[in-house]
Enquirer: 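Once you've had a glance at the structure underneath, I'll fire off some questions.
Letters A, B, ... mirror the listed sequences (proteins, then strands); counts begin at 1. Model, not experiment: these values are computed from the prediction.
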Amino acid sequence: MNNILVLPMILPVLVGVILVFLRPYIRVQRVLSVLTTMASAAVAAYCLHHIHLNGIMRLDFGDWLPPHGILFVGDSFAMLLVLVACAVSSIILLYAFATTGIETETMFFYPFILFLVAGVNGSFLTGDLFNLFVCFEVMLLASYVLLTLGGRKTQLKEGITYVLINVLASWFFLLGIAYIYGVLGTLNMAHIAVRVAETGQGPLLTLIAIIFLIVFSLKAGLLLYFWLPGSYSAPPTAVAALFGALLTKVGIYALYRMFTLIFIHDPVIYKIIGVLAIVTMVAGCLGAIAYSDIRQIVSYNVIISVGFVLTGLAIATNIAFQGASYYLIHDMISKALLFLLAGTVVYLTGRSKFNEISGLIRNYPLVGWLFFLTMLAIAGIPPFSGFIGKVYIGLGAIETGSYVLLAVSFLSSIGVLYSLLRVFLNSFWGETIISEDDQKPFQKKIGLPLVLLAVLIVGLGIGAELLSPYIQDAADTLADPKQYIRAVIGDDLE
Amino acid sequence: METLITLLVGVLVAVGVYLLLSKEMLRIILGTAILSHAIHLLLLTMGGLKKGDVPLLTETAAEYTDALPQALILTAIVISFAVTAFLLVLSYRVYQESGRGPRLRGRQDE
Amino acid sequence: MIAGMLTISVILFALTILVAVIRIILGPSLPDRVVALDVIGVNLIATIAVVSVILNTKAFLEAILILGILSFIGTIAFSKFIERGKIVERKRDR
Amino acid sequence: MPLQLLLNLFIAFLWMTLIDEDELLFTTFFMGFLVGLGIIFVMSRFFDTHFYLRRVYASCKLLLIFIRELTQSSIVVISQIVRPTLRIKPGIFKYETILTSDVEVTMLSMLLTLTPGSVVMEVSAEGNELYIHAMDVEESRDGLIKQLKNFEKAIMEVTR
Amino acid sequence: MNVSEIGEFVGALLILTGAIASILSVFGLIRLPDVYTRSHAATKSSTLAVLLTLSGAFVYFLFSENFISVRLLLGIGFVFLTAPVAGHVIIRAAYRSKVKLADISTEDELYEKIHGEHTDKM
Amino acid sequence: MKKNDVILQTVTKIVFFIILTFGVELFISGHNNPGGGFIGGLVLSSAFVLLYLVYDIETVHRGTPFDFKRVAALGVLLAVGTGMLSILFGESFLSQTTWLVDLPVFGETELGTMTIFEAGVALTVLGVVVTIILGISEDVE
Amino acid sequence: MTVLLAIFIPFIAACLVPFIHKILTGRRIGWFVITIPLFLFILLIRLVPSLSNGASYLYTFPWIPSADVYFSTHLDGLSMIFALLITGIGSLVVLYSIYYLSEREAIGRFYTYLLLFMGAMLGVVLSDNLIVLYVFWELTSISSFLLIAFWYHRKQSRYGAKKSMLITVTGGIFMLVGFLMLYTITGTFNLQELISMREVIAADSLFIPAMLLVLIGAFTKSAQFPFHIWLPDAMEAPTPVSAYLHSATMVKAGIYLVARFTPVFAGDTTWFYVVSCVGLLTMLWGSVNAVKQTDLKALLAFSTVSQLGMIMSLLGIGSLAFASSESTQIALFTAATFAALFHLINHSTFKGSLFMVVGILDHELGTRNIKRLGGLATIMPITFTIALIGSFSMAGLPPFNGFLSKELFFEAMLSLKEANLLSMDSLVLLFPIIAWVGSIFTFIYCMIIVFQTFFGKVHAPAPGQRPAHEAPIQMLISPMVLGSLVVLIFIFPNLLGTYILGPAMNAVYPQYEGMPGLVPEIHVWHGWEMPIFMTIGVIIIGILLYGLLRYWKWIYSVGFLQWTLDRLYNALLQRIERVASVVTKTYMTGSVRDYVAYIMLFFIALVGIGLLGFQQFIFDFSDDAVIEINESIIIFVMMCSSVAILFAKSRITAIILNGVLGYSIAILFVVFRAPDLALTQIIVETVTTVLFLLCFYYLPEWKNEYKSVSMRIRNGLIAVASGVAVTVIALLVQGHSMYPSISIYYETASRLAGGLNVVNTILGDFRAFDTMLEVLVLFIAGLGVYSLVKLRRKKGVDHPEEK
Ligand code: NA
Ligand code: NA
């Protein structure tokens, strides 16, 4: 019994609900919410180490043994993501304190954020397919509200698109669950994996796998990312950063789980994923170059990285999984920072197009240099966080001879670099337009979370070794689904 | 029966998708509603139809029909209700923001 | 004999519903449709009752009552919509 | 206060009926009483009308009258519908009732509405005029008015 | 035929009668000229039909399983209580939203009261 | 002509209490019969929907002065709380327990955490549905 | 440890500069900075003797051992040349810059970048691990980027910085992939191990790709054709930077890489072909283009391109030693590498001094335009002398070091005839000719530097400019030092050969280490052989062509010569941006219906692909339950009402029909023995309908949807196909149901959970977690609706995130 496993999800829920009662007390809300995410992160860190020492953790809700009850399964891959998600959310919360404004904060802002975090963590941890659907919905509902909170016109408009696309995705999810249940009669993911392996993944199961591919591609923004740029550029910065850091990652996680645990017997799927990843990266690059709106550019960068992470899945070797794990972590942190920076620029200048902004670095050197650093990190330039993941994925691609994937994924970093370089050169460099008097003061409160994230980015690059045992655990579980299955069902059952 | 219901599901899906491809918010929301009807039926069908008695153990029966899909559908119904409610409000807020005044009364020819 | 009567009944009820649906589709006025919907609700109650008898189960007796309640609520909602456009008011204007 | 007590008993009874047990048990009734107590406690500020739970006999009589009327007029309406050609002259007429209280007027209207061929369309603001739509106003107006009088009498026996 | 079989038969008969009443009354929904007259046919006749059916079911359970279904009784009561109100409300709404009476209608003592006084209704 | 909703309102007063009672019954008896927290909560909320339809918000509020958001939040707290309770008792999260309690009037009665859980569910459903409907309706003004 | 120190000291110093700058204000900070390279230079030069005795210095500590990334450094002869250049020229450049930069500049920032670069560059040449090397490699690109855009308010600076960054980083990424391939082959990132495994590498199918990728990295960095285009624009950097990065050190990183990887790759002649051909082509292209430049710095940039090409081509020829077995041949080809390394040093000295001269001119006269310069020989005699030395050395004239290496260059080109390569016949002739032509153009632009700047008529200073005068002595020290080196090396070439070049040769040719003739003696006079004739030819034809320059310069303005790679680069970027914009905006319409259409099409397409996998379609209807007439009527009702929704004229009709649908489903739930579902469905359907009605108040009337028939058909097709897809899969699933459901368990265990309603116990106990979360979902939605309706941000209120 590992009740601790439920804490990263249930703590935010509990505190979130309690905060509803504390609506007028913004300070209390702030403190409690950031404490909650930090506590969740601490729990995740503890679990991560526990898993490293003792193997995969499992919690059967209500003590009903799998496959009959719902359970949380904490493997290193999931737990790493939980850890980073909580840590990043904590930092984003710090940013939110400084920028959101009392008016929005009283709109149950913090409860919704906590619910979002809860949904994300639940999605990472659950070992039941239908429960994954429900966790997704928790996350989605919270994101719907956060996206539209405050109710500005663009928010509402983008909200509609976002909600509708996700409704459709959820529908496909249910469709997949229905089919799976029809064929295999079970919902526990490990149990499904066992049964799929037993029957051999025939064409029908592959067909069903394709439906799940569609579902999670929609969530992850793999090719089906149309909803993403608009909805990521509408909400307040902190929310956008949270979205950029967390939302697509859940879809990516689910893709990894599905296609490393359950539908692993038909290589066609990996080919399809590979093609999708390639198209995503190319289209993402085009999109990132096409716009001059900084928030759009940043959003398309999310798309590129989705494609990049999923090349790891298309390659599907241990080393590629290691790369993907590293890269996912990097991506969560750096995208959060990138979104925060983009938002800060928009906030400081009141403009969002990079060609309308110039010479910011003179007035706001910190923002400028952090942007520069983030740009390098995201482009995978060493020694920052994105680099090591890139190396591993590259090695995996070479190992399996996936040269097209290799080429596109590595060239996509140039697209990333180019798109962000344009922003940097135009907005931060160049003649300073704003006079000393006109410039908005840069609060230290805003600086702190930015610096914290930057420290993580640098630290993760230089201190990559610290994470490597956990990353290896994660990759091992992904590469060898038996570990997961054994942890859930044991050797005796079926 | 299963086949017939599956066909019905197909029809509902087609109608739902067609509505989803509209411009009008209301049609779209109706489309999502119909799609969720379809998926609920499909979930039930996947567990097998009329394969036993009502899953109440008060009723002594040789066989009970599959209760799990029912529980899942119940959850799905509630979730889809939640989403529909939100979507409805969201869409009318969009119209509100774009400055179209409310109408006061259901029209005759409706 | 009894089974036959019940089967015929349930088919008749189903046909009633079909006819009511035709009225809904035809209209022409909104109240017409609401009336037809009300008819459907009432006939669904009957259908459930007959099905309960056929299946010899008491599991659906709640559904009868629930359907009664909610078809009533639905009808009132529609009527109010037809009458006033808004179905819940802050303060009655009378 | 006594009114609410009445209602409470009613709920307790309702509860007992809903539980659907084989035999009537005091505990069930008590449980229902508790539930009712809860509901009334919660809703107490809302409840402000009168409710009478007496004159069972009068009620039964009213019921019988009503069932008779219902059957009769149902047959009339159905026969009108299935007749090959429609020969009806619908219309709206006004009826001034001697009943005064809300409950009385409501009961009258409902009974009238339940019997086929007639619907109460409006109750005037003062509550004493009923506007009735009849399916065949020319032929059945007198019959309807007679029916109304019958109902009024029966209702007053129950309520007063 | 024992008592319970007779009871079951009576129940079934009631149900069948209800069903026939229902299908007959629903033809009114097609045949009658305006919403007001249709509502007579629809609401009330089908109310009768449903009452018959529920009573039939009640009788059936009573005799076949010695089961007094209070829920069915309550259902009957509920339909009694709500059906006329529903009919009344729809008709009133129709009239207030100016749905025209059929041409064959002879008199309308309400018209002035509703549409005469208030040109602007809300 | 002014409206006179006397018929509707009079009937509603009765119907409302029938629905409420029925809702509570459905919730309590959900263990062994169709019903349970969701359905119970939904029926309860439909009773309120009826009230709001027939009366107006202010009138209903005079009778039921709750903040339904809080009702809903309380419901969630109850549902989550039962889960946390099992943690406190050293069992797996959301382990439902039943106790046989000897109550003065009822005798041996089964009391379970599942009932609390379902009560939470019902309260949330009630709170949320009413919140939504009120929210939209009050927007009219 | 010394080596490690050498890498880290500049970084540490770079971090300290901003703080020290507060104490040592103004240009005084330069005196702090200069101590770093000077110290390191001394540190390193003390190791020279031991290196020439065959020692090498290794140091390793684990960085990311799990990825085989060790922070290993290795100081051998090859690294030493570069390390000395970096620190030596670095010292001179810092000294020069102290007086070059004005007090008003952001001097602190400048030195931070410069030190950053210095550390990175030392890292590149000293690291023994490919990944670490790559890390520093990119760091040099970044610091170069920062230095080029030092005056970031200038558009041209930003343009140049961007260009250099894009090209060098891209090249770096290619190189990284090459490294990764090497790792895949060998399982190590360690350079020394790689070299020892060259047979394994050569046998692998990834050998050629890895080689080409690494070369792309080298070529981009060393500005080889066609990647050279960034270098002229990099001249936007302050001149000390140009002298340091863009002539003496960073651009030579590519040379270093090629030299370093020669033992790994040179076994295959592909290496030779690519390296030498690209090198020669670059040399020719660079020199030809240099002639037409009017900006002195641009001229020097192209000259650098050309010279780098020359060195590169020499390295290519040097690689042939690996394919040879005869010792005479080996000696002949290793001599090419020797020449390359020798010229590398020479180039750094004379080019460095020339850049500094240009910097002085720019600094004193405010222009670098040849057309506006003239007659400065008398006004600025010292400057003129240094320029003369540098230019003549570059032109390959004695008594300067350039002459020596140029001779060796010709010799190496001529040595090709000894190579027994297939299909070499034409190359044997072509190589020396191209080399010779390139040298002629080199000669011409050297003359341009000297004569068009320092002779001819003196231009009047433009308004706002000071009259010309000699530069302050502090600025002249560095170029003077370099100038004297040019002469000194000419006089004592073999000192350099023994102590510096010798160990480097050993590093390039580990298998020939200690072989006699590997480090040839350099002679000022070879006797009357081909190279000297070629040099004389260069001088004669060069003078002729220079004299007639104005008669043939028009060639540059015609046709394809005008069409430069630079324009291609600009056009390419523009085109990419336009295509990106057009493509993206074409499909990102912002309209939900389009997105939904994409998704459904995607679904249909993927299902289509999935269906291809079936050999046969098995539908199994045997297990179907019977259909009652009434059920079929209900289903018919549902089909009718759902289709009727499509044709509903008014929205409320559609809602009513939807209600019918919902109620009918409830009936189906009854028929299928699902009482709880039926109850829920009925209530939810009604409440939803009420919600619809509530919201109708605000929603606009339902309009006629379609204007175009084609749209309707498109949507219809998508819809029908989706329906068919869902149905077909569902039917297949029913035919393939392979396992009994797990839910049998619930029936038996339900009593354990204390309930007889199985559905309810599932919801309340077995899957209570779902229920809990579902309640949460509902709660969030409720709260969300509330905030959406009630909590609107007030308009006009100043919100921190909006303007
Ligand atoms: Na729905
Ligand atoms: Na339940």
Side-chain angles (χ1 to χ4, degrees), chain B residues 1-4 6-15 17-18 20-26 30 33-34 37 41-42 44 46-47 49-50 53-58 64-68 70-71 73-75 77-79 81-82 84-86 88-90 92-93 95-96 100 102 106 109-110, chain G residues 593 596-597 600 621 624-625 627 635 638-639 642-643 646 650-652 654 658 661 665 672-677 680 684 688 691 695 697-700 702 705 715 719-720 722-724 726-727 730-731 734 741 743 746-747 750 756-759 762-763 767 770 774 777-778 781 784-785 788-789:
Chain B
M1 193 75 215
E2 278 87 345
T3 312
L4 186 61
T6 310
L7 291 178
L8 172 64
V9 168
V11 172
L12 290 181
V13 168
V15 170
V17 170
Y18 191 81
L20 219 54
L21 290 168
S22 316
K23 270 186 294 201
E24 198 91 37
M25 245 352 264
L26 212 58
L30 264 177
I34 290 174
H37 288 329
L41 275 180
L42 186 68
L44 200 66
M46 288 293 133
L49 298 176
K50 301 205 275 190
D53 225 326
V54 177
L56 292 174
L57 303 183
T58 41
Y64 297 100
T65 193
D66 194 349
L68 187 55
Q70 297 190 12
I73 295 168
L74 220 154
T75 308
I77 290 177
V78 175
I79 289 178
F81 166 73
T84 306
F86 188 80
L88 256 176
V89 175
L90 184 58
Y92 94 63
R93 287 281 289 114
Y95 282 104
Q96 247 178 4
R100 289 184 225 186
D109 57 332
E110 279 193 309
Chain G
R593 61 175 357 186
V596 171
M600 296 320 292
F621 305 124
D624 272 21
I627 306 167
I635 289 168
M638 291 176 72
M639 289 183 179
S642 67
V643 173
L646 298 181
S650 77
R651 51 186 191 163
I652 205 134
N658 182 50
L661 215 51
I665 284 175
F672 300 146
R673 281 84 159 154
D676 290 84
L677 281 187
T680 316
V684 167
T688 310
L691 283 184
C695 294
Y697 185 75
Y698 298 100
L699 287 169
W702 161 294
E705 180 75 10
N715 289 353
V720 170
S722 311
V724 169
V726 169
T727 310
L731 292 177
Q734 281 152 27
S741 164
S743 58
Y746 299 124
E747 286 159 20
S750 201
L756 301 177
N757 180 350
V758 183
V759 176
I762 293 177
L763 286 172
R767 298 185 69 89
D770 268 352
E774 176 194 350
V777 167
L778 200 59
V785 167
L788 206 53
V789 174

Enquirer: Under a 4.5 Å heavy-atom cutoff, which of B/Leu30, B/Ile79, B/Leu90 has the most pairs with chain G?
Expert: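 Sorted descending by pairs with chain G, the first entry is B/Leu30.
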
Enquirer: Decide yes or no for G/Val758 and B/Tyr64: does some side-chain heavy atom of the first lie under 4.5 Å from some side-chain heavy atom of the second?
Expert: no

Enquirer: What part of G/Met639 gets within 4.5 angstrom of chain B, counting heavy atoms only: side chain, backbone, both, or neither?
Expert: both

Enquirer: To check you understand the geometry: which heavy-atom pair defines the closest contact between B/Leu74 and G/Leu677, and what is its length?
Expert: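 Answer, listing the atom of B/Leu74 first, then G/Leu677: N-CD2, 3.6 Å.
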
Enquirer: What distance do B/Met46 atom CE and G/Ser741 atom OG have between them, rounded to the nearest 0.5 Å?
Expert: 13.0 Å

Enquirer: Any side-chain heavy atom of B/Leu56 within less than 4.5 Å of one from G/Leu756?
Expert: no

Enquirer: Applying side-chain hydrogen bond (donor to acceptor under 3.5 Å, both in side chains), name anything that partners G/Gln734, two or more places apart in sequence or on another chain.
Expert: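 If we apply the side-chain hydrogen bond (donor to acceptor under 3.5 Å, both in side chains) test to G/Gln734, skipping adjacent residues, the hits are B/Thr6.
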
Enquirer: Which one, G/Val777, G/Val643, G/Ile665, G/Val724, leads in non-hydrogen pairs under 4.5 Å with chain B?
Expert: G/Ile665

Enquirer: Give a yes or no answer on whether the side chain of G/Arg767 reaches the backbone of B/Ala71 with a donor-acceptor pair at less than 3.5 Å.
Expert: no

Enquirer: Could you tell me which of B/Leu41, B/Leu88, B/Leu20 has the largest number of non-hydrogen atom pairs under 4.5 Å with chain G?
Expert: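 The residue among B/Leu41, B/Leu88, B/Leu20 with the greatest pair count is B/Leu88.
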
Enquirer: Go through the atoms of B/Leu26 and report whether side chain, backbone, both or neither lie under 4.5 Å from a heavy atom of chain G.
Expert: both

Enquirer: Over all heavy atoms of both residues, which pair between B/Leu12 and G/Ser642 is shortest? Give the atoms and the distance, please.
Expert: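 Scanning both residues, the minimum pair turns out to be CD2-CB, 3.6 Å.
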
Enquirer: Just verifying a value: how many Å separate G/Asn715 CG and B/Leu21 CG, rounded to the nearest 0.5 Å?
Expert: 4.5 Å

Enquirer: Check the pair G/Asn658 / B/Ile34 against side-chain contact (heavy atoms from CB on, under 4.5 Å), numbers first and verdict last.
Expert: CA-CA 8 Å; G/Asn658 182 50; B/Ile34 290 174; 4.0 Å; yes

Enquirer: Search all heavy atoms of G/Ala719 against all heavy atoms of B/Val17 and return the closest pair with its distance.
Expert: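 Shortest heavy-atom contact: CA-CG1, 3.8 Å.
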
Enquirer: Report the C-alpha separation of B/Gln96 and G/Leu699 in whole Å, then their side-chain angles, then the decisive distance to 0.1 Å, and conclude whether the side-chain contact (heavy atoms from CB on, under 4.5 Å) test is met.
Expert: CA-CA 8 Å; B/Gln96 247 178 4; G/Leu699 287 169; over 6 Å; no

Enquirer: Quick check on G/Val785 against chain B: is it the side chain, the backbone, both or neither that has a heavy atom closer than 4.5 Å?
Expert: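 Both backbone and side chain.
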
Enquirer: Heavy-atom distance under 4.5 Å to chain B: side chain of G/Leu731, backbone, both or neither?
Expert: both

Enquirer: Using every non-hydrogen atom in the two residues, find where B/His37 and G/Leu661 come nearest and quote the distance to one decimal.
Expert: CD2-CD2, 4.1 Å

Enquirer: Of all the heavy-atom pairs spanning B/Arg93 and G/Leu788, show the shortest one and how long it is.
Expert: NE-O, 2.8 Å

Enquirer: Most heavy-atom pairs under 4.5 angstrom with chain B, which of G/Pro675, G/Ala654, G/Gly723, G/Gly784?
Expert: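 The option with the most such pairs is G/Gly723.
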
Enquirer: Working to the nearest 0.5 Å, report the span between CE of B/Met25 and CZ of G/Arg651.
Expert: 13.5 Å

Enquirer: Which region of G/Phe672, side chain (C-beta onward) or backbone (N, CA, C, O), has a non-hydrogen atom less than 4.5 Å from a non-hydrogen atom of chain B, or is it both or neither?
Expert: both

Enquirer: I need the residue from B/Val11, B/Val9, B/Leu8 with the largest number of non-hydrogen atom pairs under 4.5 Å to chain G.
Expert: B/Leu8

Enquirer: Specify which of B/Ala85, B/Pro55, B/Ala67 makes the most heavy-atom pairs with chain G at under 4.5 Å.
Expert: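 Greatest number of close heavy-atom pairs with chain G: B/Pro55.
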
Enquirer: For the backbone of B/Val54 and the side chain of G/Arg673, can you confirm whether one donor and one acceptor N or O come within less than 3.5 Å of each other?
Expert: no

Enquirer: List in chain and number order the residues that pass side chain to side chain contact (heavy atoms under 4.5 Å, CB included) with G/Leu646, two or more places apart in sequence or in another chain; answer none if no residue qualifies.
Expert: B/Val15, B/Tyr18, B/Leu19

Enquirer: One pair to check against side-chain contact (heavy atoms from CB on, under 4.5 Å): B/Met1 and G/Ile635. What are the steps and the verdict?
Expert: CA-CA 10 Å; B/Met1 193 75 215; G/Ile635 289 168; 3.6 Å; yes

Enquirer: Which heavy atom of B/Thr65 sits nearest a heavy atom of G/Glu747, and at what distance?
Expert: O-OE2, 4.0 Å

Enquirer: Is it the case that the side chains of B/Thr75 and G/Asp770 hold a donor-acceptor pair, with the cut-off being a distance below 3.5 Å and no angle test?
Expert: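 Distance-only check fails for G/Asp770 and B/Thr75.
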
